[in-house]
Structure formats: C-alpha cells, structure tokens
Amino acid sequence: MDTSKSQQLFSAAQQLFPGGVNSPVRAFRAVGGQPLFIDRGQGAYLYDVDGNGFVDFVLSWGPLILGHSHPAVVAAITETALRGTSFGAPSELEIKLGRLIQAFMPNLEMLRFVNSGTEATMTALRLARAYTGRSKIVKFEGCYHGHADMLLVKAGSGVATLGLPDSPGVPAASAGDTLVVSFNDIPALEMLFNQKGHEIAAVIVEPVAGNMGVVPPEPGFLESLRRLTTECGALLIFDEVMTGFRVHLGGAQALYGIQPDLTTLGKVIGGGLPVGAYGGRKDIMQMVAPSGPMYQAGTLSGNPLTMAAGIATLEELRNPEIWNNIAHTTTRLGNEVCAAAKDAGIKVVVQQVGTMFTTFFTDLPVKDWSSAKLADTSKYAEFFRLMLEEGVYLAPSQFEAGFLSSVHGNIEIEKSINAIKIAFHHLAKG
Ligand code: HOZ
C-alpha cells in the first residue's frame with residue numbers, strides 16, 4: 001500500500017503538533033507504523049490522501065452512527081451555515097435537539113449543551129459536589145471520562161493505550177479526592193461506601209465501559225451502584241458519552257433499567273461535530289447558573305451547526321429499524337470473528353453491546369482493567385496492520401471500542417470478514 005503522501009504530511013505535522021497529532025491515540029504508537037492522513041469519508045469508508053480506501057470501524061470514535069457525510073446531516077449543516085455559524089445567543093435549534101434527546105432519554109429532565117465529553121463530565125462532577133456539599137468522587141479503573149485533572153487517575157483510552165502512569169501536571173490535591181475501584185467489583189465498592197459513604201459526592205461510571213475495550217457490567221453491578229449511592233446521599237452519574245445511542249437508543253440506562261441522577265452525553269448527539277451535554281434531575285440541574293450558583297459557561301455551547309447535525313442524526317434514529325439493523329450487523333460481525341478465530345486456532349474474546357464491540361486477544365473473560373490488560377497487545381498490533389493492508393480501518397489500540405453505522409451493509413461486512421480470515425491465517429502462521 002502506497003502511503004507516501006501520509007508519510008510526508010506526518011513529517012510536517014511532527015514539527016507542529018506533539019507527536020504529530022491533536023489527540024494521542026491517533027499517532028498509531030500502540031500499533032506501529034505511521035498514521036494515515038485522511039482526505040475524506042463517504043458512507044462506511046475512509047479515504048486517505050494516497051487514495052487508499054478503508055471500511056471504517058472507528059467512525060470518528062463513535063459519533064458517526066449514520067456513516068460519513070450522511071446526506072441529511074450534510075444538508076442540515078449546509079443550510080444552517082448559510083444563516084450563520086455561531087451566535088453566542090440562544091436559538092430554537094437548542095430546544096429542538098434538547099427535546100429530541102429527552103424523547104430517547106426521559107430521565108434528562110433538564111440539560112445543558114457544552115462542547116466536549118470532557119467538559120460534560122468535569123461539570124457534572126462540579127455540580128454533584130455543589131449539590132451534595134461533599135468532595136470525594138468515585139471512578140473505576142480503566143474507565144475514561146475525559147482529561148480533567150481529577151479524572152486522570154487510572155484512566156482508560158489513550159492513557160491505557162500508551163501505558164502512562166497517572167499524568168504529570170495533575171496536582172496531588174486535584175486527584176486526592178478521587179477514589180478508584182475496580183470495575184464490576186461489588187464487594188470493594190460496598191467496603192468503600194461503608195468507610196467513606198458520607199464523604200462521597202458522586203460515583204461516575206461508563207455503564208458499559210468502552211475505553212478499556214468494551215466491558216459490560218456484570219449482573220448486579222449497576223444495581224449496587226444505584227443502591228449504595230441512594231443509601232448514602234451520593235449522586236450516580238452515568239457517563240454515556242460513548243454508550244448513548246450506541247448500546248441502546250435510550251443508552252445504557254434504558255438497556256439495564258437503571259435511572260442515574262445525572263447523565264453525560266457527547267459523540268452521537270452532535271452528528272460528528274464537537275459536542276457534549278450533561279443533564280438529569282431537575283432539582284439538581286437547577287443549581288446550574290443562572291438558575292443557581294454553580295457556574296459553567298461556553299462561547300460555542302449550543303452552536304447552531306452542531307445542533308443542526310445532532311437534530312438530523314437523531315431524527316433518522318427515530319426509526320428504530322435503523323438502530324436495530326446496526327446492532328444486528330454488529331452481532332453478525334462478532335459471530336464471524338469468533339468463527340474465523342476458531343478456524344485459525346487464534347484465541348480471542350469478542351465483547352459486544354449494541355453497536356459497539358472489541359476483539360480482545362486473550363482467552364480469559366474480560367470484566368475489568370486487570371483482565372483487559374492481559375490481552376496480547378502485540379498480537380492486536382499485528383492484526384491491526386494486517387487489516388489495514390486488507391482495507392479495513394480498526395481502532396489503533398486494543399483498549400478502544402469499534403463501532404458500526406447504518407451504512408455498514410453486506411458488502412462491507414463480507415469484505416471485512418474476508419480480511420479477518422486472511423489476517424487470522426497470517427497470525428496463526430506466526
Ligand atoms: N479518546 C478518544 C477515544 N476514546 C480518542 C479521541 C481521538 O483521538 O480522536
């Protein structure tokens with residue numbers, strides 16, 4: 001595969017940007033080789049600057065549930081842009097998108113739009129602290145909630161991919177109130193709540209972890225979180241930036257029937273434009289300025305282009321057939337990966353929830369960060385490179401989720417399965 005133009009651009013980018021990228025995992029450090037520079041995305045495909053095309057299972061890390069350049073989304077952005085790109089004042093589009101989100105997630109009695117998932121989680125925690133008057137927060141090892149200081153503790157995603165210890169630059173005081181428990185470990189959680197329950201403002205969790213690869217909650221885990229937080233007056237925050245509209249149209253809260261106090265969103269609700277949101281119980285949300293004293297603001301929050309792209313995306317998803325088909329295709333792909341692995345004698349565990357999946361190179365169940373990191377990352381790296389050669393673009397890290405869209409049809413799935421068989425065959429030969 002000729003990647004000479006990408007290589008030239010990467011050389012230039014390295015002079016400008018740390019590691020040549022504007023977000024670490026894009027640098028391909030965990031899988032070797034150099035990142036591809038993308039020229040355009042169309043439907044289920046990404047095209048690089050050298051003209052190579054790939055079936056895309058990253059989809060901008062989840063937002064593009066309708067694929068690249070969906071006509072309805074492009075039309076909405078184009079029409080809106082003709083009337084202005086940012087007002088710094090309210091517009092009706094915010095109400096439309098807010099109501100659409102509420103139709104899928106009625107638990108969000110009130111919400112606020114921000115510009116990224118990091119902003120959403122950071123603010124939801126400030127709000128929980130303001131509401132409860134307590135300082136401590138609980139997160140889970142391997143879960144990633146953006147890069148705010150207090151959350152960069154035993155984090156997943158790029159932090160796990162690069163094997164970084166907790167980041168320098170985070171003052172001990174900022175992370176000192178962050179308590180970390182193993183995902184799915186109910187006894188450890190009960191012990192923590194027995195000891196410190198009255199000091200805890202909130203528990204924040206990816207209800208299906210997606211940033212250590214896909215790791216579903218075990219039966220009783222989310223129920224225990226709900227019970228323990230309620231008993232001690234702490235808030236439960238579901239970080240559904242990734243899982244929202246991905247594990248179920250109503251998010252993990254609908255899939256598992258658990259009502260969090262606050263929810264954070266991002267990705268799909270912006271239709272591929274920068275977005276975040278936090279929302280939940282009205283009595284809590286009314287603490288946000290100017291209704292209440294907890295301050296948070298943003299020049300580009302509720303940006304009309306983002307709102308238009310989000311509205312167009314969620315309008316399409318109102319037809320449940322679309323989402324059901326994506327989930328069905330994801331199941332089919334997962335089954336085919338397992339069958340191909342069995343045929344080739346390769347040990348993998350495929351974990352899938354709704355439209356998200358991860359192929360872990362391990363033969364042990366993956367239920368938390370300790371078991372996720374037993375996966376053979378060098379084998380994943382080789383798999384990634386072989387798949388790229390075969391025209392399939394996967395996440396350049398073992399510890400990220402893969403995503404499907406409504407335009408991943410039979411042709412793309414057949415092509416991908418064929419590529420997987422070839423890649424597994426090579427891996428088996430060693
Ligand atoms: N942390 C993001 C995935 N979980 C990656 C963002 C990016 O590099 O675009």
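Just follow the structure's listing: the first ligand is 1, and inside any ligand the first atom is 1.
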If you take the nearest heavy atom of each of Ser397, Ser23, Pro24, which one is closest to atom 6 (C) of ligand 1? Ser23
Given Glu412 and Tyr45, is the side-chain hydrogen bond (donor to acceptor under 3.5 Å, both in side chains) satisfied, shown in steps? CA-CA 9 Å; Glu412 289 73 30; Tyr45 295 86; 2.8 Å; yes
Side chain, backbone, both or neither: which part of Val21 comes within less than 4.0 Å of ligand 1 when only heavy atoms are counted? neither
Closest non-hydrogen protein atom to atom 2 (C) of ligand 1, residue and atom name please, with distance? Ser157 OG, 3.8 Å
How far apart are the closest heavy atoms of Gly156 and Tyr144, and which atoms are they? O-CD1, 3.6 Å
Among Arg26, Lys267, Met242, Glu400, closest by any non-hydrogen atom to atom 9 (O) of ligand 1: Arg26
Can you measure from CE (Met287) to OH (Tyr131) and round to the nearest 0.5 angstrom? 8.5 Å
Report the relative orientation of the aromatic rings in Phe10 and Phe37; use parallel for angles under 30°, tilted for 30 to 60°, perpendicular for over 60°. tilted
Consider every N or O of Tyr144 and every N or O of ligand 1, then say whether any pair is closer than 3.5 Å. no
Check ligand 1 against Val25 and write out every atom of the ligand that is under 4.0 Å from a heavy-atom position of the residue. 5 (C), 8 (O)
Do other residues, nucleotides or ligands put more than 12 heavy atoms under 6.0 Å from the NZ atom of Lys136? yes
